[in-house]
2 protein chains.
Amino acid sequence: MSFLGKLRFKDQTFKLRENAILDATTKLLAAKGFDLITMDDVADEVGLSKPSLYKHFKSKEDLVTEAMIRLVDEALAYLEQQPDTMSPLERLRCLLEWALRVRLGGGMPFLPSTSAHVRAFLTQSLRYVTRALKLHRLLDQVVSDAKRNGELASELPNDVILYSFYSRTCDPAVEYLRLYGKYDDDAIVAHMQSVCFAGIGTRPRS
Amino acid sequence: MSFLGKLRFKDQTFKLRENAILDATTKLLAAKGFDLITMDDVADEVGLSKPSLYKHFKSKEDLVTEAMIRLVDEALAYLEQQPDTMSPLERLRCLLEWALRVRLGGGMPFLPSTSAHVRAFLTQSLRYVTRALKLHRLLDQVVSDAKRNGELASELPNDVILYSFYSRTCDPAVEYLRLYGKYDDDAIVAHMQSVCFAGIGTRPRS
DNA sequence: AAATAACGCTACCGTTTGGTAACTTATAAA
DNA sequence: TTTATAAGTTACCAAACGGTAGCGTTATTT
């Protein structure tokens with residue numbers, strides 16, 4: 001095996017482990033939230049010791065920031081992979097479904113956390129802000145297109161629609177429906193989409 | 001002044017202080033969330049020392065539980081004070097407005113927190129669960145009435161409607177609209193109500 | 001085979017935080 | 001005036017957590 005090959009192999013395992021760490025972080029973040037996670041939790045989950053974590057990430061904040069960045073990247077990738085034939089409304093419906101299924105599968109919402117502390121250090125990460133802004137601009141365009149098509153409420157400002165859309169991806173109703181409502185994932189997704197786009201009020205008869 | 005009078009006066013100040021403590025707790029809960037509050041924070045906010053807090057509440061969990069109970073009681077009181085002439089839909093609209101204005105004024109949502117830890121100890125408090133269940137049953141009845149009147153989507157199960165309704169009272173979109181959207185409280189309330197009942201999709205022309 | 005670099009881990013540190021012991025002060029009764 | 005009680009505070013403890021120093025082990029180079 002060549003010298004370069006060896007190096008690449010090392011880099012590869014390093015990257016793989018980094019990904020495993022981010023997976024564990026994501027899972028724990030979804031389950032317990034930032035404040036209740038300890039670095040020992042993450043280390044145990046991925047099968048390493050705490051000091052080894054710090055070889056990859058220089059702080060807890062840094063670790064969580066990277067996990068959030070990866071998540072936004074996944075959302076961006078999902079959006080870009082959508083075929084051009086989809087209508088703006090379909091794009092949003094599918095993105096919501098994707099986000100909900102990630103959550104139902106143990107992932108976390110890509111909405112910047114409700115925690116003031118988390119939001120503070122996320123907004124200080126240029127890399128995170130750049131991606132979040134890119135996602136926001138893309139979706140803003142989709143919303144504008146959808147309104148022009150008559151697919152979204154033109155009487156609502158774009159930001160109201162967008163923030164509401166984001167909030168549906170991390171809506172606590174999902175947890176409650178799963179815990180107390182005994183619905184399966186498909187039913188939860190369907191209901192959340194229904195509520196998101198048509199609300200809980202009376203709908204026009206089709 | 002009589003002996004009894006003195007005693008009553010003492011009880012009175014005791015109760016007043018207890019209320020002040022709960023006020024401070026509520027305010028801090030809304031601002032920072034359970035995990036980031038320290039008992040010293042609460043003590044400072046209300047102008048006492050930490051050990052004095054423990055004369056009133058035997059633990060942090062107990063303190064927060066009492067604060068949540070008081071909040072549910074306020075919601076119950078608000079519901080019961082609504083005139084009989086109101087339609088079920090109006091009841092829900094007004095309750096949502098009340099909850100949103102409490103939040104915008106620095107209060108907190110009455111939805112059992114998203115935090116697993118908080119939910120765990122809340123559900124272990126019989127007094128809390130009793131009240132929460134009472135509120136839930138009352139609202140369930142309101143939802144049923146509203147559906148019968150054709151004011152809410154009859155194709156949605158009651159629990160989907162209820163959990164979605166609860167979630168709107170603690171919707172992070174509110175924070176984002178205030179932070180980045182530059183809306184005043186009235187506009188935020190109006191938009192949140194609009195989204196809650198009619199969703200973000202196209203509405204029927206009136 | 002010797003030297004060295006990389007890696008991972010145990011054991012630890014400083015700080016924070018929930019909770020308490022015990023001292024001080026003020027009040028009220030006798 | 002003296003004694004007993006209640007309230008409030010300072011000062012502290014133990015546990016948990018983020019983060020690190022430094023050692024042992026493996027693998028790589030010469």
Side-chain angles (χ1 to χ4, degrees), chain A residues 1-21 24-25 28-29 31-67 115-118 120-121 124, chain B residues 1-22 24-25 28-29 31-67 115-118 120-122 124:
Chain A
M1 192 178 285
S2 82
F3 181 65
L4 255 166
K6 268 279 149 87
L7 260 194
R8 230 180 8 232
F9 175 72
K10 260 192 189 167
D11 277 0
Q12 212 171 321
T13 61
F14 193 84
K15 255 295 183 237
L16 275 179
R17 182 146 45 212
E18 203 155 284
N19 251 300
I21 295 173
T25 306
L28 290 171
L29 267 180
K32 309 171 40 171
F34 181 81
D35 307 307
L36 291 182
I37 296 177
T38 73
M39 293 303 264
D40 282 311
D41 285 342
V42 179
D44 284 355
E45 176 78 27
V46 73
L48 288 169
S49 70
K50 189 163 57 170
S52 298
L53 277 191
Y54 283 87
K55 291 260 159 66
H56 292 264
F57 304 96
K58 71 174 199 294
S59 71
K60 188 181 179 185
E61 279 79 6
D62 184 46
L63 171 60
V64 170
T65 302
E66 291 304 321
S115 147
H117 180 211
V118 176
F121 69 70
Q124 271 166 12
Chain B
M1 190 178 287
S2 80
F3 180 66
L4 256 166
K6 266 279 148 82
L7 261 193
R8 236 185 356 238
F9 174 72
K10 260 193 185 163
D11 276 1
Q12 213 172 321
T13 60
F14 194 84
K15 254 297 183 238
L16 276 179
R17 182 148 43 215
E18 203 155 283
N19 250 301
I21 295 173
L22 289 178
T25 305
L28 289 171
L29 267 180
K32 308 170 43 170
F34 180 81
D35 307 307
L36 291 182
I37 296 177
T38 74
M39 293 302 265
D40 283 311
D41 285 343
V42 179
D44 285 355
E45 178 77 24
V46 74
L48 288 169
S49 70
K50 190 165 55 171
S52 298
L53 277 191
Y54 282 89
K55 292 261 158 70
H56 291 264
F57 304 95
K58 72 175 200 293
S59 70
K60 188 182 179 184
E61 278 79 7
D62 184 46
L63 171 61
V64 170
T65 301
E66 291 304 321
S115 149
H117 180 211
V118 176
F121 69 70
L122 278 181
Q124 272 166 10

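Chain naming here is simple, since letters A, B, ... match the order of the sequence lines and numbering starts at 1 in each.
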- Query: Tell me: CG of B:Leu48 to C1' of D:dT10, nearest whole Å?
  - Reply: 15 Å
- Task: Round to a whole Å and report the spacing from CD of B:Glu18 to C1' of D:dG8.
- Result: 16 Å
- Query: What integer distance in Å separates B:Phe57:CZ from C:dG18:C1'?
  - Reply: 16 Å
- Message: In whole Å, I'd like the distance from the NE2 atom of B:His56 to the P atom of C:dT20.
- Response: 16 Å
- Looking at CG of A:Leu63 and OG1 of A:Thr25, how far apart are the two atoms once the value is rounded to the nearest 0.5 Å? 3.5 Å
- In whole angstroms, the gap separating C1' of D:dT9 from CG of B:Asp44 amounts to 13 Å
- Query: Say you draw a straight line from CE of A:Met39 to CG of A:Leu48; how long is it, rounded to the nearest 0.5 Å?
  - Reply: 11.5 Å
- Distance below 4.0 Å between A:Arg17 side-chain N/O and C:dG8 OP1 or OP2: yes
- Task: Tell me which nucleotide among C:dG19, C:dC9, D:dG19 gets nearest to the side chain of A:Ser49.
- Result: C:dC9
- Query: Which of the following nucleotides, D:dG8, D:dG19, C:dC9, is nearest to the side chain of A:Lys55?
  - Reply: C:dC9
- Query: Can you check the B:Asp40 CG to D:dA11 C1' distance for me, whole Å?
  - Reply: 13 Å
- Whole angstrom value for the distance that separates P of D:dG19 from CG of A:Asp41: 14 Å
- Describe the nucleic acid contact of A:Leu53 in one word from base, sugar-phosphate, nothing, applying a heavy-atom distance below 4.0 Å. nothing
- Query: Between CZ of B:Phe121 and OG of B:Ser59, what distance do you get to the nearest 0.5 Å?
  - Reply: 8.0 Å
- Among D:dA21, C:dT17, D:dG8, the one nearest A:Pro51 by side-chain distance: D:dA21
- Item | Candidate nucleotides D:dG19, C:dT17, D:dG8, ranked by approach to the side chain of B:Thr38 - the nearest | C:dT17
- Task: Determine whether A:Glu61 and A:His117 make a side-chain contact, defined as any pair of heavy atoms from C-beta on separated by less than 4.5 Å.
- Result: yes
- Message: Side chain of A:Ser52 only, heavy atoms from C-beta on: which candidate in C:dG19, D:dG8, C:dC9 is closest?
- Response: C:dC9
- Could you state the atom-to-atom distance from NZ of A:Lys50 to P of C:dC13 in whole Å? 14 Å
- Does NZ or CZ of A:Lys60 lie under 6.0 Å from the centre of the six-membered ring of A:Phe34, at an angle within 45° of the ring axis? yes
- Query: Quick one: which of C:dC9, D:dT20, C:dG18 gets closest to the side chain of B:Lys60?
  - Reply: C:dG18
